[in-house]
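The chains referred to below are lettered A, B, ... by the order of the sequence lines, with proteins before strands, and numbering in each begins at 1.
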Amino acid sequence: MLRTHTCGELNDKHVGQEVTLCGWVDTARDHSGVLFVDLRDRYGRTQLVFGPESGQAVLGQAKSLRSEYVIQATGKVAPRPEGTVNAKLPTGQIEVRVERLTVLNSSLTPPLQPSQKELPGEDLRLKYRYLDLRRAEMQKTLFLRHRMTKIMRDYFDQLGFIDVETPVLGRSTPEGARDYLVPSRVQPGTLYALPQSPQLYKQIMMIAGYDRYMQIARCFRDEDLRADRQPEFTQLDLEMAFVDLDDILRVIDGLMARLVKEFCGRELKLPLPRMTYDEAMERFGHDAPDLRFGMELIDLGDLAAEAEFRVFRSAVESGGRVRGINAKGAAGRYSRKGIDELTTYVQQDFAAKGLAWFKVEEGGTLASPIAKNFDATLLERIAQRMEAEPGDLLLIVADEFEVTCKALYGLRKRLGAELKLYDLKEMNFSWVVEFPMFAVDEEDGGWTAMHHPFTTPRAEDVERLDSEPGRCRAQAYDLVVNGYEAGGGTIRIHDQKLQQKVFRLLGIDAETAAARFGFLLDALQYGAPPHGGIALGLDRLVMLFAGMTNIRDCIAFPKTQRATDLMTGAPGAVDAKQLRELGITFRRDEGGERGGCTCRDRS
RNA sequence: GGGGACGUAGCUCAAUUGGUUAGAGUACCGGACUGUCGAUCCGGUGGUUGCGGGUUCGAGUCCCGUCGUCCUCGCCA
């Protein structure tokens, strides 16, 4: 080793020892006769002192040090003179009086400095990721991520799970997200698909008798990005045989309790609360409700039906819903213009027809441009239903059920943040269960799998498969943390006949099913045990435990919103020879100009 | 594919709403300084205002297009 200690470990117990440290020059303060360097590595910072006793040569050398130079310094650990102790630094009790200095490497003037106070623009951080990753914040997050996966592996190991790797080169499945495809050279005209999840492989592992499987698996989905979504992401994936839904939830409950104990220093009360999908949609308008605050959706359908106000009455008469939320004490926070913004928001983002609102005045009367369309008693009953108090702002959406869900969910989320209705450090865990088996496919009007086509219906709903699939509930469950879907899973179908029935319902004919996952249908006929599992979004979990709202900050090398890597320039053009070997040509009108013959420097 | 925000010195930002020579902090370069830790003090370099058009006597500012980053709807079993 080129060093005897790290930059984070020296303290007054080391005084008098000769040590050698290696690291990066964080800052240098030159006082002519004496010069200080804060030396940084991922363990911390230590102050180096160059003075007359270092010798003219070493002092002169030190004067040439600049930000991010990599140096090796040897000297004695000394207590800092009285009055110069730095309480902000764990190593602030001591300093190293340097006797020998080696510049291991110099550095260009860095475009971003790891210790600078203002965070540089994200494009710059991504382009110079190696500099960004030197920041303490990033190092802290990646270390948190490491500790979390360590705990996960230990936890599942103790429960008898085995870690099995599954292929990255697989075959495309018909449903779900868009696949990333990899052309085969050996089989011209065919392509592999990168896994959206190891779903089928882990089911095969159950059939093979490995009754407790886990993996921290990379998954790929070629869909548009969000603050909490990357095209390449990591799942904590697991599967168990001979279990029911409660067994899976209990295992994850235990894991969450362990993580919370380790990183939040408290006991998590188990079992985690459960809510049905229907209840979540009714109370919060979303299947991943943020339970850190109230402001639940309130149904006003019966009152709206009595109203003269046409917008309300016709919504109910045409089978829609009239629901609202009460933003307690927010009437003063939202001016007419502010409410207009909220209206535009629900119209543009959720296709709501409009937003009705009332401000609750002193004395409890409801004030609004639409108030004249209601008689006084009805207004009073609305106020009562919504538990309105002076200063409250009532926001009401009258529309189709789905629209009221989306719009009010959006409003609740937005107002929750704007009104700071929750503690940013709080962690709230819950389960949402009893998802519908199927949803109506917007494109062809047929049924589509709500979760995935291998999901088992609830035992009491199996008979509904034929008669009313829309009311058939699945043995599916989502883990929800602070309003984020942190993971989801199902009990799988282990009966080949039932599996084929579900495929038929989904409009996947026998031929297609056989071609796409005949191997699973085959395997189900060779003694498939009952099994089920779950996958947790690791990046999201890290984000949540780190108290962040951006998944990119929890990933060492993330992609931009347009799915590029600003550091490497990926994706990029490839050599013409590579394309020839794969039998690929690009049409000129579809990226032909990028399909050039050589890799292009995109910087 | 739709909606929105942003793009000015290496970096973080400003520029009195269209006005004459585009500023500040920091970084960088030079000088001073023996106890600093956001060191301080003095001096200096640094700009195709993302790019391309247009309107105007005059554009960082207005308009159109384009590129990039972010937020969001659709999308994400």
Side-chain angles (χ1 to χ4, degrees), chain A residues 26-39 45-54 59 66-68 78 80-89 91-92 95 97 108-113 115-128 131 173-179 196-197 199 219-231 233 341 344-352 406-407 410 413-414 435 437-439 441-443 447-455 474 476 485 488 490 502 506 508 535 537 549-550 552 559-562 564 566 602-603:
Chain A
D26 197 55
T27 54
R29 295 175 293 280
D30 187 353
H31 290 241
S32 190
V34 61
L35 185 147
F36 305 93
V37 167
D38 287 341
L39 193 65
R45 280 191 302 166
T46 300
Q47 175 163 284
L48 307 178
V49 185
F50 300 83
E53 65 274 23
S54 304
L59 186 58
R66 293 292 178 273
S67 283
E68 301 311 303
R80 293 203 186 184
E82 217 178 311
T84 64
V85 167
N86 187 344
K88 289 185 218 157
L89 229 53
T91 61
E95 59 195 17
R97 304 272 169 84
L108 297 174
T109 300
L112 66 96
Q113 299 206 310
S115 298
Q116 82 189 58
K117 212 175 163 189
E118 318 101 333
L119 202 59
E122 193 161 357
D123 40 358
L124 202 77
R125 292 176 52 207
L126 291 172
K127 181 171 178 183
Y128 298 95
L131 298 179
T173 50
E175 287 204 28
R178 199 175 292 115
D179 286 317
Q196 297 179 22
S197 77
Q199 184 61 36
C219 304
F220 306 87
R221 295 177 190 176
D222 187 5
E223 298 292 347
D224 285 354
L225 288 79
R226 286 284 189 284
D228 63 347
R229 250 163 48 190
Q230 282 272 304
F233 63 102
E341 275 170 29
T344 311
Y345 168 59
V346 295
Q347 287 173 330
Q348 280 190 343
D349 278 10
F350 309 109
K406 286 181 177 178
K413 190 171 162 180
R414 179 169 167 166
F435 280 77
M437 278 287 285
F438 310 103
D441 191 322
E442 301 266 324
E443 283 170 28
W447 295 108
T448 175
M450 189 95 168
H451 193 83
H452 60 53
F454 318 107
T455 304
E485 180 194 328
T490 65
V502 170
L506 294 171
I508 304 173
T549 54
N550 178 341
R552 292 182 300 277
K559 303 274 189 293
T560 66
Q561 189 164 44
R562 294 193 58 240
T564 64
L566 294 182
R602 306 186 61 203
S603 65

Residues which pass side-chain contact (heavy atoms from CB on, under 4.5 Å) with A:Q348, listed by chain and number, not counting sequence neighbours: A:T344
Sugar-phosphate only, base, or nothing, as touched by A:P52 at under 4.0 Å among non-hydrogen atoms: base
Pairwise P distance, B:G60 and B:U8 [rounded to whole Å]: 15 Å
Residues forming a side chain to side chain donor-acceptor pair (under 3.5 Å) with A:K406, sequence neighbours excluded: none
Gap in Å between the two P atoms, one belonging to B:C62 and one to B:C6, rounded: 10 Å
Torsion-based syn/anti label for B:U17, 90° from 0 as limit: syn
Residue pair A:P52 / A:L59, side-chain heavy-atom distance below 4.5 Å: no
Residue list, side chain to side chain donor-acceptor pair (under 3.5 Å) with A:Q230, at least two apart or on another chain: none
Residue mapping more 5' on RNA chain B - nearest nucleotide basis, A:L112 or A:G33: A:L112
Per-nucleotide protein contact string for nucleotides 37-52 of chain B, where B marks a base within reach and S marks sugar-phosphate only (heavy atoms under 4.0 Å, - for neither): BBB-------------
Spacing between A:L108 atom CG and B:A27 atom C1', to the nearest angstrom: 14 Å
A:L131 CG to B:G10 P, straight-line distance once rounded to whole Å: 17 Å
Sugar-phosphate, base or nothing in reach of A:S197, heavy atoms under 4.0 Å: base
Set of residues satisfying side chain to side chain donor-acceptor pair (under 3.5 Å) with respect to A:R97, sequence neighbours excluded: A:E95
Nucleotides 70-75 of chain B: protein proximity per nucleotide (B base, S sugar-phosphate only, - neither; heavy atom, under 4.0 Å): BBBBBB
Touch class at under 4.0 angstrom, heavy-atom based, for A:G121 against every strand present: sugar-phosphate
Results of ring-ring contact (aromatic ring centres under 6.0 Å, His included) for A:F350 - residues two or more places apart only: A:Y345
B:U34: pairing nucleotide in any strand, Watson-Crick or G-U under 3.5 angstrom: none
Interatomic distance where CZ belongs to A:R97 and C1' belongs to B:U34 [whole Å]: 12 Å
Residue whose nearest RNA chain B nucleotide is more 5′ - A:Q116 or A:T109: A:Q116
Distance in angstrom units between A:F36 CZ and B:C33 P, rounded: 16 Å
Sugar-phosphate only, base, or nothing, as touched by A:L506 at under 4.0 Å among non-hydrogen atoms: nothing
Touch class at under 4.0 angstrom, heavy-atom based, for A:P111 against every strand present: sugar-phosphate
Listed partners of A:T560 passing side-chain contact (heavy atoms from CB on, under 4.5 Å), at least two apart: A:L126, A:R562, A:T564, A:L566
Whole-Å distance separating the OH atom of A:Y128 from the P atom of B:G10: 11 Å
Electrostatic pair A:E223:A:R229 at N-O distance under 4.0 angstrom: no
Atom pair distance, as rounded to whole Å: CG in A:D179 and P in B:C76: 13 Å
A:R66 vs B:C29: side-chain N/O to OP1/OP2 distance below 4.0 Å: yes
Identified salt bridge (Lys or Arg N to Asp or Glu O under 4.0 Å) partner of A:E122 from the options A:K559, A:R552, A:K127: A:R552
Base-pairing assignment for B:G18 (Watson-Crick or G-U wobble, both under 3.5 Å): none
Who pairs with B:U55 - Watson-Crick or G-U, where each distance is under 3.5 Å: none
Gap in Å between the two C1' atoms, one belonging to B:U12 and one to B:U17, rounded: 23 Å
For atom CG of A:L39 and atom C1' of B:U36, their distance in whole Å: 16 Å
For B:C28, the Watson-Crick or wobble partner whose two distances fall under 3.5 Å: B:G44
CA sep, side-chain torsions, deciding dist, call: A:R29, A:Q47, side-chain hydrogen bond (donor to acceptor under 3.5 Å, both in side chains): CA-CA 10 Å; A:R29 295 175 293 280; A:Q47 175 163 284; 3.0 Å; yes
Distance, C1' atom - from B:U16 to B:G54, rounded to whole angstrom: 27 Å
Parallel, tilted or perpendicular: ring planes of A:F438 versus A:W447, cut at 30 and 60 degrees: tilted
C1' spacing across the pair B:A59 / B:C76, given as an integer number of angstrom: 43 Å
Which residues share a side chain to side chain donor-acceptor pair (under 3.5 Å) with A:N86, sequence neighbours left out: none
Touch class at under 4.0 angstrom, heavy-atom based, for A:P120 against every strand present: sugar-phosphate
Same-atom distance (C1') from B:G46 to B:C63, integer angstrom: 32 Å
Nearest-Å distance once atom C1' is located in both B:G50 and B:G3: 23 Å
B:C6 pairs with, by Watson-Crick or G-U criteria that keep both distances under 3.5 Å: B:G68
Interatomic distance, A:L124 CG vs B:A9 P [rounded to whole Å]: 12 Å
Rounded distance in Å between the C1' positions of B:G19 and B:C37: 46 Å
